[in-house]
Each structure stands twice: as C-alpha cells, then as structure tokens.
Number of protein chains: 2
Amino acid sequence: MINETMYARGAESSIIREIFSYGLERKAQIGAENVFDFSLGNPSVPAPAAVAESIKKALELPSDQLHGYTPAPGLPQCRTAVAESLNRRFGTSYEGKDVFMTVGAAASLTCTLNAVTNPGDEVIVIAPYFPEYRVWIEKAGCTCVEALANEDTFQLSVDNALKAITDKTTAVIIDSPNNPTGAVYTRDTLTRLANVLREANAQRDPENPIMLISDEPYREIVYGAEVPWVPSIYEHTIVCYSYSKSLSLPGERVGWILVPNTNPQAARLMPAVAGAARTLGFVCAPALFQRVIIDCIDEPSDVEAYARNRTALTDALAEYGYTYVEPDGAFYLWVKALEPDANAFCERAKKYELLAVPSDSFGMPGWFRLGYCVSYETIVNSLPAWKQLADEYR
Amino acid sequence: MINETMYARGAESSIIREIFSYGLERKAQIGAENVFDFSLGNPSVPAPAAVAESIKKALELPSDQLHGYTPAPGLPQCRTAVAESLNRRFGTSYEGKDVFMTVGAAASLTCTLNAVTNPGDEVIVIAPYFPEYRVWIEKAGCTCVEALANEDTFQLSVDNALKAITDKTTAVIIDSPNNPTGAVYTRDTLTRLANVLREANAQRDPENPIMLISDEPYREIVYGAEVPWVPSIYEHTIVCYSYSKSLSLPGERVGWILVPNTNPQAARLMPAVAGAARTLGFVCAPALFQRVIIDCIDEPSDVEAYARNRTALTDALAEYGYTYVEPDGAFYLWVKALEPDANAFCERAKKYELLAVPSDSFGMPGWFRLGYCVSYETIVNSLPAWKQLADEYR
C-alpha cells in the first residue's frame, strides 16, 4: 500500500519551490528582468574554469576507469585529496580513510543521521533552520527538537540548546555559516556549546555521547569572519560538506562526510556511515566529479561577487528602514517582515515582483529570507521596489 | 548512539567485495594478466563515443544552467526524452511527467520500495537474487520473502511466487534479464505471474494491489530473446532502470523510475516516489549526466562484445563438463559448483587464480556466478585453468 508519509512529503509543496514556480510563471508573463526572485539558493557565480578543464582532461582516461564504479567511500586519491586539503587549512592529521565521498550535502546528512541515531531518539536543530533537516530527522524515526537561536545576533544560544537536551538527545545539527540567517558561530559560542555537551555526556553511557553534526556547505562563503574548525573544539563531531556552493556545482551532487580520527568513536562510526549509505541506496558519489574534486579542491570561491551583492542590498534595505541580520557568511539575508505575519508580508511583496521566502518553514515566524546569490543587476533593479514596499507600510 | 544495524551493514564484507579485494592483491603479486577475475559486474565495454561528445557539448552551456540544481524529478527535456524513447520501443503513450530521474538503479529501488511499502510488509524476491534487494527491503522495515526460481530453467516459478504471497505482500521484485542467472522471463511466464497477482488482488482492498517492481538495468544486454514490456502485461507495475550497463556508466549514477500512466494508482504513486527520494536525501540526478542521457538515449549497447565472451566461455565450460544455465541476457553465467558447497568450490578455484562468487549470498546454495563483462583475453586465457579445475574433481 502506498506509504502515506512518503506521499505527503512528495505532495506537499515546499514553500520555496512554490515561490520559485510562481516566479517562473511571472517571468514568462512580464519578462525575466522584471521579476526579482530571491527565493533560491542556486549559486549565480559560475563554477571555476578549472572545473571544465578537469572534465576535459578526465575524458582522456579509458572509459571503464573514468565511468566505472568507484569504491563505495570514493576514489582513494579523492579521499586523500580532501583529507590533505583539510590538513593544510586546519592543522589536522586526517587521512583518506577518514573521508566518505557522498552524493552531495543531503546525502551527507541522511547517511550521518541514519548512522548515529536509532528510532525514538531526539535530534536538536538551531531555529531558524534549513527545513529539510526536519524531513530527514523524521525519516530516521527521530524527533526534531528546535532550540531557538539568540534573537538579536542569531548566534546559537547555548542556553536554549542546553534546555533542549534530554536523555534521548543523540545529536545536534549546526550549520555555520548559517542558512537562513548568514550567522557565523564564533569560537566562543562553539566552545561554550562543547562544554555543555561534555557536561551532558558525563551523565551518560560513554558509548552514547551527544554527536555534533556540523553541516558546512557554506564554509568558504564568508566575509572576513573566522569559521572555526568544529572537530578541534568538540571531539564528538562529524562534518558534512558539499561542493554545491563553494564550486557552484549543486546539480552534480558531490560532497563528503568526515569522521575525524580524533572522534573517540571513529572506528565504529565510519562503518556505520558506510552501512547507512549502502542501505539508503547510495552506491558511490558520481565518478567523474570525484576526479573534478581532486583537481579543483583548492580553487577559491568567488566570494567577491556575493560580497558586492550583499553590500548593495544591505545598504539599501537599511536606508529604507528594514531590520536585518548582518550576514557574516553564506548568501542569505534574514530580514524582519514589516508586519507580524511573514506570509502576508511576502504575499504583499509579490505586488512589487519581489519574491522572498517567509520564515515560518524555517521554524520561526515574522522574518523572511532573501537569497542574494543572484545577478548584481537583479539586486540593483529591485531596490526601488523594496523602497516602495517599505513606504507602503509607513 | 551508533545504529548497530547500519554498523553491521557497513562492517560486513560483501562477499563480492571481498573477492574483488583479494583479486586486487593477487594481481599486484603475480601480475594482472595472471588473475582471472570474474567477480564483478563492472562493464568492460567502453561507453559509446557519443557520451564524451555530449559532455563536451554540454560544457559550452553557461555554468549555472549546466551545473545548477535540476528539478527534483529531473530536467523536463530529459524526462520527455526517456518517455519518448519508451514510446518508440513499446508502443506506449508515456509523458515526461511519468518519469522520475534517479541517482542510479540502487536509488530507483530504494525510492520505489519506500514509496510503496509500510513497515511490517513483505516483499517477494525471486531466488537467486541480487543480494542488495534484501538490504533495501529490510531498511524499509519490511521482510524479504524468497520464492525459488525454476531450478532447471531459472525462469521465475509462478507456483513458488503464488506460495510466497500472503496478506502482507506488498510488492514482488523481478529483474529480467536476471542477475545472477542471465535468465530472461518469457511473455508466458510474466502473463501467468500477472494472472496470479490479479487473483490475489481480487481478495484485497482495491487500494492495496500487489505492486510488481521490474528492475531492468540489463534490458538492452540480451542475445536474441524477447524482453517483454512488463507494464503492458501487469497494470500495477513500476519500472526501475539505470544506464550503468547499457551505456557503461555505472560510476556516474543515473537512472530512472517509470510510474506508467496505465498504473491505476499513478497519480498517488508519483508523489510517493518523490517524497521517498526527498526523505532519503536524493536532491536530483547528476545534472551533467541528465544532459548526456538526452543525447545518448538511443545509443545501442555493444552486445556483440558480451556475446563473443559468452560463446567462448560457455563452449569451453560445456566441453570441460560444467553445468550452467544458458544465459539469454545480462553478462553473468550461473554455473553449478563441482561440489555441494559453493564456497569450498570457489576457494579451490582460487588455486588456479579463478575468482568467482559463490551462490549463497544470492539466496541459493551450490552454484557460482561468473561476470563475463571482462576482456576477451581474460576469457581465453582462463580456459586452461577451468579445465584443470574440472579435472581435479574427476
């Protein structure tokens, strides 16, 4: 019999997808240049030129070497390249065996969640949070527990995290730089979180420490702030990563899970991750793009383009009287709606062809998210509309 | 706490992977040309030249168009290309909306199983069967029920399938051409199976018919036999496909699920498939290879190369006194072990540098599987060893 939960997950329109579809329709009606679509997180910056070069080079390999199955955890030279890149940047001593290549960030998260949880467990997320976290946590049979961020800075609130911890807490998911707020968690915040988790662990079975899942697809998209290396701060950390944003390859589905060799449970965690990948239906990360990662691993992200968008947008919105969180990273701006109901506000914004995502699906009412990973022209051309919308509320 | 089931799934060495690893070691010791490795299903035939041409052409697209997220069910033009290709071949009237692009056959199966089952259900497989079926069925919370094939022809035994059906049966998985036997199910067999399933359905809630999941990665690898189009024979069919074998792209992870528009539950099945994909962590099939599929969908598979291997291998094994199933499709030969314990037999074969997979993990004792998707030279050079091994048992 058709699984009703799966049916509901497929039938429910994600609010983001709904707005995106509306935008496509509207663009067809009045011209793409007249619609200001800030709904998505699809990078506007092109992939580095080295990506195409790497693909062309790979095409010289024999077909069975290039397109054949890779080992389930990835090509050994790709896993080593990832480990060595991390070692260069964070002074760590990882090896290829600590890295499991995945089919992108979503796969990194579902494999990790299925590896470290059992049905009935609780997983804490920091609200506002990426809505799919809840979907993946619930599919693993666990309860998604929200711990509200600090409402001024949108730093993780260690007090709220502490309040959310119970005997059933298995893991905490953080993503910094954060989607949707752009907040980057400071070393001080993370250190205090680690201390709270260690105190909780002291009361528990040593085989059952609280895992910290650090989801880091935006690590390289940052405007000067330090993004601390989480495994150096809390030993029971697993890192999830994707090249979707840093190399602008979201459609190619390639990322990794790092089980740091400093994690006391590493020897048992890595087989659990591999088992989760196997049972969920992930055979290996796409082979060609594993080779691309080897070649392009240290290609810089074009943060300048996003920084320019960010400045243009925040300067103008500040002038028009909007309240927002100054984003230290990622390419999202988290803005307070000009009326209590963010849905009503975003609906009204449509009159000005402004498309934004209301905050409710992120686990917090009253705000909206703007993805500024759009062209600079879209930003500049949208500004009069943002002003008119603010004027309407005066 | 680490999930023990996932740990076990990752820690247990798949027998196939174990033999493959042994082969790599042995090749390093005595030279690759002296080890006759028939353990894997990695195609030896190169991908068609059109694949590289298509990739080069795609690289001319703007990066965000090429590498951006595709819609979750796939690029509209890719879904349409798949539907139209099926319509040309099977006289059907499918549309793009009936096709859901996936991250390969494993994803096709896990998404389908999670869409059509509920925990506690039973799913029937035809033994011998691809061992991962059990892993995926059990991850969905269901019981894997084995129905033995006909032991002479290795055609599906409709009688055994009938005996396996209970009130809890949700689905039957078939794959024809079959891995591991190479059997191709005849139209007569499939028609009788359909009748049995319809009779069972007549006793059940109309919303809960038994689904037939037709896993068809080997559809194009066939030596003259008809591979009937299953949805034309049984209305409650879902088809799972992958380009791993037909286009020799196993590492690139691209395939599809077809929910035929003739399936009475199609309107609810497709959202359930989409929901399963979303919750398991599949965001979209790799974008670049979706474009490759559009360009290469009707590229013929190089069946001649496999046919030549098949003839060389079967002619010789027959001469040496081995009993095997004449394969009508796929690139596997299913051979009776020369002693009752297939594991002991395969262990003894190693003395002659012959690597084969014993049949136990496929759900049937006493046989072994040879993947003849190797070079023709490997086949020819292995023949004296097969003869010596047979002589040893005389």
Side-chain angles (χ1 to χ4, degrees), chain A residues 1-3 5-11 42-44 46-47 52 55-56 59 62-64 67-70 103-104 106-107 109-111 114-118 135-136 139 170 207-208 248-253 265 268-269 271-276 278-284 286-289, chain B residues 1-3 5-11 42-44 46-47 52 55-56 59 62-64 67-70 103-104 106-107 109-111 114-118 135-136 139 170 207-208 248-253 265 268-269 271-276 278-284 286-289:
Chain A
M1 180 137 20
I2 293 173
N3 186 301
T5 309
M6 295 304 101
Y7 174 79
R9 288 303 192 196
N42 226 346
S44 53
I55 293 172
K56 284 178 199 156
L59 288 177
S63 171
D64 59 337
H67 298 305
Y69 290 112
T70 77
V103 185
L109 264 292
T110 57
C111 292
N114 279 275
V116 304
T117 68
N118 289 273
V135 173
W136 299 330
K139 175 64 177 165
T170 293
E207 291 297 307
N208 187 18
S248 295
L249 297 174
E252 307 302 356
R253 313 312 302 146
Q265 295 185 297
R268 298 189 73 244
L269 278 170
V273 163
R278 179 185 176 197
T279 60
L280 294 173
F282 296 104
V283 172
C284 62
L288 171 60
F289 281 89
Chain B
M1 180 137 21
I2 292 173
N3 185 302
T5 309
M6 296 304 101
Y7 174 79
R9 288 302 192 196
N42 226 346
S44 53
I55 293 173
K56 283 178 199 157
L59 289 177
S63 171
D64 59 337
H67 299 304
Y69 290 112
T70 77
V103 184
L109 264 293
T110 57
C111 291
N114 279 275
V116 304
T117 69
N118 289 273
V135 173
W136 299 329
K139 174 64 177 167
T170 293
E207 291 297 306
N208 186 18
S248 295
L249 297 174
E252 306 301 356
R253 313 311 303 144
Q265 294 184 296
R268 298 189 72 243
L269 278 170
V273 163
R278 179 186 175 196
T279 60
L280 294 172
F282 296 104
V283 172
C284 62
L288 172 59
F289 280 88

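A, B, ... follow the sequence lines: proteins, then strands. Residue 1 opens every chain.
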Top contributor to chain A interface from B:Asp64, B:Asn42, B:Val135, B:Leu59 [non-hydrogen pairs under 4.5 Å]:
B:Asn42
Partner residues of A:Arg268 under the side-chain hydrogen bond (donor to acceptor under 3.5 Å, both in side chains) criterion, sequence neighbours left out
B:Glu4
With a 4.5 Å cut-off on heavy-atom pairs, point out which of A:Val273, A:Leu249, A:Thr70 contacts chain B the most.
A:Leu249
Side chain, backbone, both or neither of B:Leu269 within contact of chain A (heavy atoms, under 4.5 Å):
both
Does any backbone or side-chain atom of B:Thr117 lie under 4.5 Å from a heavy atom of chain A? Answer side chain, backbone, both or neither.
backbone
Side chains of B:Arg253 and A:Phe289, heavy atoms from C-beta outward: is any pair under 4.5 Å?
no
Minimum side-chain heavy-atom gap A:Leu288-B:Leu288 below 4.5 Å
yes
Least distance between heavy atoms, B:Met1 atom then A:Asn118 atom:
O-ND2, 3.0 Å
Check the pair B:Thr110, A:Leu280 against side-chain contact (heavy atoms from CB on, under 4.5 Å), reporting the backbone distance first and the verdict last.
CA-CA 6 Å; B:Thr110 57; A:Leu280 294 173; 5.9 Å; no
For A:Ser44, which residues count as a side-chain hydrogen bond (donor to acceptor under 3.5 Å, both in side chains) partner, sequence neighbours excluded?
none
Contacting moiety of B:Ala115, where chain A heavy atoms sit under 4.5 Å:
backbone
Could you tell me which non-hydrogen atom of A:Ala11 sits nearest to which non-hydrogen atom of B:Pro271, and how far apart they are?
N-CB, 4.1 Å
Interatomic distance, A:Ile55 atom CD1 to B:Ile55 atom CD1 [nearest 0.5 angstrom]
7.5 Å
Closest heavy-atom pair, B:Gly281 versus A:Ala106, reported as atoms and distance to 0.1 Å, is O-CB, 3.4 Å
Heavy atoms only, distances under 4.5 angstrom: which of B:Gln265, B:Glu207, B:Lys56 has the most pairs with chain A? Name it, please.
B:Gln265
Could you check which of B:Gly275, B:Gly251, B:Cys284, B:Ala272 has the highest count of heavy-atom pairs closer than 4.5 Å to chain A?
B:Gly251
Donor-acceptor under 3.5 Å (A:Arg9 side chain, B:Thr279 main chain)
no
Can you see which heavy atom on B:Gly68 is nearest to which on A:Pro250, and at what distance?
CA-CG, 3.8 Å
For the student: nearest non-hydrogen atoms of A:Asn3 and B:Asn114, plus distance:
CB-O, 3.4 Å
Of all heavy-atom pairs between B:Glu252 and A:His67, which one has the smallest distance, and what is that distance?
OE2-ND1, 2.7 Å
Select one option (side chain, backbone, both, neither) describing which atoms of B:Ile2 are under 4.5 Å from chain A's heavy atoms.
both
